[in-house]
2 protein chains.
Amino acid sequence: MKFSQATDNALHVMLYLVMEAPDKPVSVQVLAEKLSVSQTYLSKMLTKLVKAGLIHSVSGANGGYRLKRNYEEISFLDVIHAIEGTTSLFECSFNHGQQCLIQQVVMDAERQMEQALKNKTIYELAKQMKGV
Amino acid sequence: MKFSQATDNALHVMLYLVMEAPDKPVSVQVLAEKLSVSQTYLSKMLTKLVKAGLIHSVSGANGGYRLKRNYEEISFLDVIHAIEGTTSLFECSFNHGQQCLIQQVVMDAERQMEQALKNKTIYELAKQMKGV
DNA sequence: TTATCATAGATAAGTAAAGTCTACAATCGA
DNA sequence: TCGATTGTAGACTTTACTTATCTATGATAA
Ligand code: SF4
Ligand code: SF4
C-alpha cells in the first residue's frame, strides 16, 4: 500500500512544467534528465497524463510535452488519478450489498484523503515555492 | 496502491471476534473457514495482530485467538497499521529537507484519511451491525 | 502423556510495478 | 519533398511484493 514511484515522478514533472515552462514544450529527454530516470519509462508515464487530458504532446522537432491552458486548475488528485487509476483502495472479493459498513468506513476515510488532494493545485504549490 | 487482502481479512476477523466471541478464544481453523482462506496463511496474518497487541493468542487445546481487554478501543487504523505497517504512503527517493512541499501536501492528505480511520472503532461498527 | 493449537522458517506461485528495446507515426525546418 | 527530431505503442525482461503452502517446533489443557 504505497503510491507508485510513477506518481512521484508525475507530480515532479507537473510541478516543473508549471514553474519553468508553462507555455512551451519540453522534451522527454530534458525531463528524464531532471528526474534521473530513463526516457522510455518516463514517456510511457507521461502518455498517461496526456490521455487523462492534463498535458499536451507535440511531435516533431522542438516538440515535447506542454501544459494545457487550464493548467492552473490541475489538482494533486488529478495527477494521482491519472497514474494510479480511480478505483477504490479497498475492494473485497465478495459484495454483500451497498449497506456493507466495513466498506463504508474505509471508503469514507479514502474520500477524506481525496478531498485534501483535490483542494490543492499544482499551481498553488508552485507559487508557494517561488515565494520562498 | 491498494489495501492488501490481508488487511481485508484482518478487519473481518476483528469484527467477527467483537461480535461473536469477545471473551473466549476462537481457533484459526474456525476463522479460516468463515473467511474461506487457508489456515496457515491466516495464522501468519493473525500473528501480526498479536505482535501489534490487538489480540491475544492461547496455545493448546481449546486455544485460539482472543480479544484483549481494551478491545472496545481498537480502531480501524490500529488494524490497518498492524498489517500494512506504519510507513507513509509517499516516499520519494531523495530527501530535500523537511520543507519539501510536495511531501507536505500528500502526507497531510494521508493524515486526513488516518484520522477518519482512527475515529472509528471496530466495536462501534459491531454495535451498528447488531442494531440492524 | 497425548491431542490440540499457535509459531516460525523455508519456499513456491502469482501478480503488479519498473525498466528496456525496437519499430512506427507525426511534425518541423530546410 | 526529405531528413532529422520527437512522441507512441507493443513486446519483453527484470524486480519486488503479495499470497499461499508445507513442515517442524513449542506451548497448553485434559
Ligand atoms: S462484509 Fe463488506 S467488506 Fe466484508 S466481504 Fe462482505 S461486502 Fe466485502
Ligand atoms: S522535492 Fe520533495 S518529493 Fe521531490 S524528491 Fe525532493 S524531497 Fe522528494
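Below, chains carry the letters A, B, ... as their sequence lines are ordered, and counting in each starts from 1. Bear in mind the structure is a predicted one, so any value in this text is a computation, not a measurement.
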Seminar exercise, completed: Minimal heavy-atom distance between B/Asp78 and B/Glu73, with the atoms involved, is OD2-O, 4.0 Å
Exercise. Starting at CG of A/Leu35 and ending at P of C/dG19, how long is that distance when rounded to a whole Å?
Worked result: 12 Å
Exercise. With sugar-phosphate meaning primed atoms plus P, OP1 and OP2, does A/Ser38 contact a base, only sugar-phosphate, or nothing at under 4.0 Å between heavy atoms?
Worked result: sugar-phosphate
Problem set entry | Heavy-atom closest contact (B/Ala6 atom, B/Tyr41 atom, distance) | CB-OH, 4.0 Å
Exercise. Taking for each residue the nucleotide of DNA chain D bearing the nearest heavy atom, is the 5' side occupied by B/Gln39 or by A/Gly63?
Worked result: A/Gly63
For this session: Return the nearest nucleotide to the side chain of B/Thr47; candidates are C/dC5, D/dT8, C/dA8.
Result: C/dA8
For this session: Would you state whether a donor and an acceptor, one from the side chain of A/Lys44 and one from the base of D/dG10, lie under 3.5 Å apart?
Result: yes
Exercise. Going by distance alone, is a donor N or O of one side chain under 3.5 Å from an acceptor N or O of the other, for A/Glu84 and A/Ser4?
Worked result: yes
Problem set entry | Nearest heavy atoms of A/Val50 and A/Ser57, plus distance in Å | CG2-CB, 4.1 Å
For this session: Provide, to the nearest angstrom, the distance between the NZ atom belonging to A/Lys48 and the C1' atom belonging to D/dT8.
Result: 15 Å
For this session: Looking only at side-chain atoms of B/Ala6, point me to the closest of C/dT7, C/dT22, D/dT19.
Result: D/dT19
Exercise. When you measure from the side chain of A/Tyr65, which nucleotide among D/dT21, D/dA29, D/dG7 comes out closest?
Worked result: D/dG7
Exercise. In whole angstroms, how far is the C1' atom of C/dA17 from the CD atom of A/Glu84?
Worked result: 10 Å
Exercise. Can you find a side chain N or O atom of A/Ser4 that sits less than 4.0 Å from OP1 or OP2 on C/dA17?
Worked result: no
Problem set entry | Nucleotide nearest A/Thr40 when distance is taken to its side chain, options C/dT20, C/dT4, C/dA6 | C/dT20
Exercise. What does A/Lys51 touch in the nucleic acid at a heavy-atom separation under 4.0 angstrom: a base, only the sugar-phosphate, or nothing?
Worked result: sugar-phosphate
Exercise. For C/dT7, does either OP1 or OP2 sit under 4.0 Å from a side-chain N or O belonging to B/Ser57?
Worked result: yes
For this session: Look at all strands and tell whether B/Val28 reaches a base, only sugar-phosphate, or nothing, counting heavy atoms closer than 4.0 Å.
Result: sugar-phosphate
Problem set entry | Near-strand residues of residues 9-19 of chain A, defined as heavy-atom separation under 4.0 angstrom from DNA chain D | none
For this session: With rounding to the nearest 0.5 Å, note down the distance linking CZ in A/Phe90 to CD in B/Gln5.
Result: 10.0 Å
Seminar exercise, completed: In short, B/Met129 meets B/Met19 closest at the heavy-atom pair CB-CE, 4.0 Å
For this session: Can you see which heavy atom on B/Met14 is nearest to which on B/Leu49, and at what distance?
Result: SD-CD1, 4.1 Å
Exercise. Between the main-chain N or O of A/Gln115 and the side-chain N or O of A/Asn119, is there a donor-acceptor pair closer than 3.5 Å?
Worked result: yes
Problem set entry | Interatomic distance where CD1 belongs to A/Ile83 and P belongs to C/dA18 [whole Å] | 10 Å
Seminar exercise, completed: Separation of D/dA20 atom P from B/Leu46 atom CG, nearest Å, is 14 Å
Exercise. Taking atom C1' of C/dT7 as reference, at what distance in whole Å does atom CG of B/Leu49 sit?
Worked result: 14 Å
Problem set entry | Length of the line joining A/Met1:CE and C/dA17:C1', which is rounded to integer Å | 16 Å
Problem set entry | B/Tyr41 side chain near C/dA8 phosphate (N/O to OP1/OP2, under 4.0 Å) | no
Problem set entry | Side-chain N,O (B/Ser27) to OP1/OP2 (C/dC5) below 4.0 Å | no
Problem set entry | Along DNA chain C (nearest heavy atom to each residue), the more 5'-positioned of A/Gly60 and B/Gly64 | B/Gly64
For this session: Rounded to the nearest angstrom, tell me the gap between atom CD in A/Glu91 and atom P in C/dA16.
Result: 11 Å
